[in-house]
Amino acid sequence: MIINNQILNGKTLAATIKNELAEELKHYLARGYRPPRMVVVLVGEDAPSMTYVASKEKSSIEIGFTSSVLRLPEDITEDELLKVVDALNEDDEVDGFIVQLPLPLHLNEKRVLHAIAAEKDVDGFTPTNTGLMVLGEDTYLPPNIMGVCTMFERYNINSDGKHVVIVGSSNIACTPTATLISSNAKHANCSITICNYRSHNLAEITRQADILIVDINHPNFITADMVKEGVVLIDVGIHRIPDASRPSGYHLTGDVDHAQVDQLCSWYTPVPGGVGPMTIVSLLQNTMKAYKRKFQL
Ligand code: GUN
């Protein structure tokens with residue numbers, strides 16, 4: 001494989017797609033339809049989650065959607081939260097909504113996610129939408145992996161015949177990634193290995209990867225000795241590392257030690273500016289899809 005060190009620039013690609021969505025929306029507004037509406041439910045005050053949901057709201061509004069964050073107290077009961085979900089399910093003005101994860105530990109995440117109406121589940125986390133994805137049918141794909149697949153498409157990264165190694169086991173990124181890649185005709189000819197940061201001989205496995213996707217929640221875990229030259233590297237991780245030299249008091253890093261690994265890659269996603277912005281724009285694409293389905297546009 002060629003080492004050409006090219007950046008999979010999620011930030012610029014997301015901006016392009018946002019423009020495309022804004023342009024498309026203009027046609028519907030000109031025909032008298034109301035704008036799409038996406039709501040984010042945030043329980044508690046987890047600092048990274050507060051930043052992410054603010055970005056989701058801001059991006060929605062930038063392209064002409066209406067959006068709001070429903071901020072709920074940390075000590076909300078499960079029944080109260082389920083009532084909020086029910087109300088959003090019933091609200092005709094809301095096209096799509098998500099419940100930001102992680103939830104406080106006293107809440108049963110699955111029970112809450114499973115209560116979301118499938119047609120408004122723009123995170124693609126409900127059993128119905130997961131099932132449709134497994135069957136390779138048109139549905140709302142989880143924004144994280146949808147963003148990665150969009151990067152592959154727009155940057156012409158071909159998985160044909162390649163070995164894709166996924167390190168991690170999260171339901172947000174890893175399991176859907178493996179499912180999507182194995183059920184999507186576009187990626188039908190690749191081999192997939194799923195492992196975890198505790199897998200025996202992990203470096204031996206990751207060194208076989210033509211495409212390496214990492215989401216393990218361990219900063220700078222993937223080092224130069226764990227990749228082969230020319231790999232396409234997707235870093236899903238994002239961590240705040242305390243840093244007194246920054247006005248914010250922290251800097252961001254991924255699960256990959258980019259200072260040593262990037263130079264070995266044919267393509268790589270930076271952190272920040274790689275997978276993150278693509279995840280947000282995919283959520284907007286799913287909301288547009290829900291809106292178009294609702295009004296049969
Ligand atoms: N927390 C981290 N990523 C995500 C995501 O894609 N959706 C939700 N709902 N919560 C998250």
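Reckoned from all heavy atoms, side chains included, excluding hydrogens, waters and symmetry mates. Order of appearance sets the numbers: ligands from 1, and atoms from 1 within every ligand.
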Any N or O of [X] closer than 3.5 Å to N or O of ligand 1:
{"X": "Phe125", "answer": "no"}
{"X": "Pro143", "answer": "no"}
{"X": "Gln100", "answer": "yes"}

TODO: Report the residue from Leu42, Leu283, Ile61, Leu284 that forms a side-chain contact (heavy atoms from CB on, under 4.5 Å) with Lys56.
DONE: Leu283
Task: Residue from Lys26, Glu62, Met288 passing side-chain contact (heavy atoms from CB on, under 4.5 Å) with Leu21 - done: Met288
Open item on the list: Between the side chains of Lys83 and Asp86, is the shortest nitrogen-to-carboxylate-oxygen separation below 4.0 Å, so that they form an ion pair?
Closed with: no
Task: Electrostatic pair Arg71:Glu45 at N-O distance under 4.0 angstrom - done: no
Task: Linked hydrophobic residues, Tyr250 as query - side chain contacts closer than 4.5 Å - done: Tyr52, Ile238, Leu252, Val271
Task: Options Asn144, Val53, Leu101, ranked by nearest heavy atom to atom 1 (N) of ligand 1, top entry - done: Leu101
- [ ] Would you mind listing every salt bridge (Lys or Arg N to Asp or Glu O under 4.0 Å) that reaches into residues 273-297, with sequence neighbours excluded?
- [x] Glu24-Lys292, Asp92-Lys294, Asp95-Lys294, Asp138-Lys289, Asp138-Arg293
- [ ] Check each heavy atom of Asp123 against ligand 1 and say whether those closer than 4.0 Å belong to the side chain, the backbone, both or neither.
- [x] side chain
Task: Val99, portion touching ligand 1 at heavy-atom distance under 4.0 Å - done: backbone
TODO: Tell me which protein heavy atom sits closest to atom 3 (N) of ligand 1, plus the residue, atom name and distance to 0.1 Å.
DONE: Ile172 CD1, 3.8 Å
